[in-house]
There are 2 protein chains.
Amino acid sequence: MMQPQGRPRPKIDDVAREAGVSRGTVSRVLNGGHWVSPPALAAVNAAIKKTGYRVNPHARNLATNKANSVAFLLTETHDRLFADPNFAVLMRGAADALAEHDIPLVLIMAGTDDEQRRATDFLTAGHVDGVLLVSSHGSRKGVIADIIAAGVPAIACGVPLGFEKKMGYVAADDYQGALELLEFLDNGGRKRIATITGPQDTSGGIRRLEAYRAHQGEAFDEALVAPGDYSRESGARAMRELLARVPDVDAVFAANDLMALGALEVLHDAGRRVPEDVAVAGFDDISAASAATPALTTVRQPFDRISEEMVRLLLDVIAGKNHAAITIPTELVVRESA
Amino acid sequence: MMQPQGRPRPKIDDVAREAGVSRGTVSRVLNGGHWVSPPALAAVNAAIKKTGYRVNPHARNLATNKANSVAFLLTETHDRLFADPNFAVLMRGAADALAEHDIPLVLIMAGTDDEQRRATDFLTAGHVDGVLLVSSHGSRKGVIADIIAAGVPAIACGVPLGFEKKMGYVAADDYQGALELLEFLDNGGRKRIATITGPQDTSGGIRRLEAYRAHQGEAFDEALVAPGDYSRESGARAMRELLARVPDVDAVFAANDLMALGALEVLHDAGRRVPEDVAVAGFDDISAASAATPALTTVRQPFDRISEEMVRLLLDVIAGKNHAAITIPTELVVRESA
DNA sequence: CTGAAAGCGCTTACAG
DNA sequence: CTGAAAGCGCTTACAG
């Protein structure tokens with residue numbers, strides 16, 4: 001039943017009057033219907049429908065001291081949010097998981113200092129019950145510290161560097177995933193395996209490089225390492241570097257798919273065949289990975305599991321439980337590029 | 001001053017006691033500081049700092065009957081949000097404009113029926129004071145109708161088809177912009193100008209095609225029109241169609257840049273030189289347009305102006321003024337592709 | 001199972 | 001300029 005235009009919005013007392021019960025009884029059916037007799041329940045439900053009553057969230061939030069919403073905090077600029085498909089996948093997963101509990105997801109960006117200040121204000125003001133923290137670059141540590149200091153429940157995606165003990169998180173097993181991929185390249189007979197790294201103030205970027213270092217062991221050669229920042233362009237740039245420095249490179253492990261895609265382009269333009277001359281592999285398994293030519297061999301991050309677990313852990317923390325850390329295994333996806 | 005962990009959050013009475021004034025006086029300084037004597041004001045400010053007081057938004061919202069936030073409603077799936085850079089630009093602009101009024105922007109997606117239902121619930125429950133409506137496909141008319149029926153202030157980006165009279169909006173001048181571009185192609189000596197259309201349940205898609213139709217006049221030929229949906233892939237598909245159907249096509253006007261980029265790729269693969277053999281032009285001027293090879297000639301939509309005006313109009317409607325419609329001129333950006 | 005009452009933390013006329 | 005008081009619309013012990 002649509003609430004008629006103009007008329008004052010019905011409140012709980014209107015429903016109570018209509019149903020011939022007290023305000024408390026109406027509230028009880030609103031909150032689960034426990035300890036309410038069947039006839040009362042029926043009367044109230046009918047009255048709600050008849051009046052078009054909808055609970056006033058502000059009043060409820062004030063009374064319960066909860067916000068009934070959760071924030072998705074992205075410590076990135078708007079541009080990167082839209083450039084990296086992982087964020088979209090993560091956000092949709094979180095929104096879906098939260099929807100089952102009827103909790104809206106509020107997206108907050110903190111890419112600039114100014115945004116960061118506003119985000120902190122917003123999050124610590126009580127607007128939300130908790131926050132899902134995504135992509136915590138070192139440069140944004142202030143937000144994390146503030147959130148923790150304010151006692152706002154939060155769960156990070158990936159290891160929140162420097163705050164591992166104070167904030168729960170769920171992360172893919174970057175190290176094992178990368179190692180598995182590198183061994184696969186080995187088995188393919190590759191001799192000169194280079195890597196394009198992710199940002200080194202990010203747990204994923206660090207761990208994937210550690211795996212590379214461990215895998216190379218004695219053979220580790222600084223010349224085979226080119227830095228990237230997870231953007232496609234940085235992958236292309238790194239690949240050009242690598243090609244100039246190590247002409248006989250025969251495999252490249254990019255720390256994410258976007259950079260692998262950039263590398264693919266550069267190799268194509270340079271006339272190197274993939275995978276014949278150079279094997280290329282990424283990390284993430286974004287949808288563009290399978291669509292690429294050649295289709296990209298990569299390590300799949302189980303983003304749906306990740307977002308699901310993040311929501312679960314966050315609701316736990318909000319409910320008063322201690323935070324926890326979860327590591328989720330990745331999966332090697334072999335396609336054409338390696 | 002950081003609110004100490006654990007300790008109960010200070011409330012307005014704590015500040016009042018600390019400052020030696022009444023609760024009303026504290027509230028007055030919180031709300032602008034009018035009608036407060038200088039000494040009282042100083043005392044209150046000091047007390048606020050000392051106690052670490054922050055206003056409880058739920059209590060304030062209940063008392064004022066306002067939410068103090070605005071929604072950015074995207075009637076698209078998560079995927080498209082991240083695929084189309086225009087949304088990012090629009091959202092950042094809106095967030096910035098709103099930030100000046102200290103109003104947070106809440107992103108709401110309504111791509112699926114389920115999301116649409118939840119979005120409507122959320123928006124009409126009083127969680128936000130108004131909504132910025134973006135990309136109103138015909139398939140999502142229900143949300144618009146519900147928002148209007150519930151009397152929630154809203155401003156659309158682009159003409160809200162079927163609701164032009166009931167909802168304010170700000171739109172780029174699609175018709176003039178497209179016409180200007182087509183005339184430019186004319187002047188370049190192009191004889192067989194094709195078009196790749198946008199979705200026809202969208203005001204931009206419709207108006208840009210109308211301009212094309214008007215421009216062609218007598219020469220209008222159905223074979224020169226290929227449908228797209230604003231995605232890059234659809235642009236590529238349309239270009240292939242066009243090439244097969246009209247081998248002598250010498251110019252293509254794509255209804256947005258993403259599709260123009262797709263067309264560029266196909267032409268390149270087909271061995272057609274751009275702009276020598278075929279001129280290509282888009283609409284929007286996304287950042288990838290200038291980065292493309294060749295750089296894309298296009299019609300710039302002034303997204304910063306658009307988001308700014310949307311916010312202005314929305315705040316007006318929230319303040320009780322009548323809604324208004326604004327059309328903003330576009331700008332022809334000539335680069336290499338045409 | 002139900003109602004009367006207190007309380008959530010603010011704002012805002014109103015009287016002074 | 002300031003304080004006392006009512007009110008915003010809910011929830012939740014508490015007594016019955």
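A, B, ... follow the sequence lines: proteins, then strands. Residue 1 opens every chain.
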Base-pair map of DNA chain D as dot-bracket, where | denotes pairing with a different strand and pairs are Watson-Crick or G-U under 3.5 Å: |||.||||||||.|||
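- In this structure, of C:dG9, D:dA4, C:dG7, it is C:dG7 that holds the atom nearest to the side chain of A:A63.
- An OP1 or OP2 oxygen of D:dT2 is reached within less than 4.0 angstrom by a side-chain nitrogen or oxygen of B:S37.
- In this structure, CG of B:N61 is placed 12 Å from P of C:dC10, rounded to the nearest angstrom.
- Comparing D:dC10, C:dT11, D:dG3 against the side chain of B:S22 picks out D:dG3 as the nearest.
- Ring orientation note: the planes of B:H58 and A:H127 are nearly perpendicular, at an angle over 60° on the 30°/60° scale.
- Projected onto DNA chain D by closest heavy-atom contact, B:G20 and B:R23 fall at different nucleotides, the more 5' of which corresponds to B:G20.
- Between B:L62 and B:P38, the residue anchored nearer the 5' end of DNA chain D, judged by the nucleotide with its closest heavy atom, is B:P38.
- Here B:N31 lies in heavy-atom contact (under 4.0 Å) with sugar-phosphate atoms only.
- The same atom, C1', is picked in C:dG16 and in C:dT12; the two are 16 Å apart, to the nearest Å.
- Across D:dC1, C:dT2, C:dT11, the shortest atom-to-atom separation from the side chain of A:W35 is found for C:dT2.
- Rounded to the nearest Å, the gap between the P atom of C:dT2 and that of C:dA6 is 22 Å.
- With rounding to the nearest 0.5 Å, the separation of CD1 in A:I108 from OG1 in A:T75 is 13.0 Å.
- A residue-by-residue look at A:L41 and B:T25 shows that A:L41 has its nearest nucleotide of DNA chain C further toward the 5' end.
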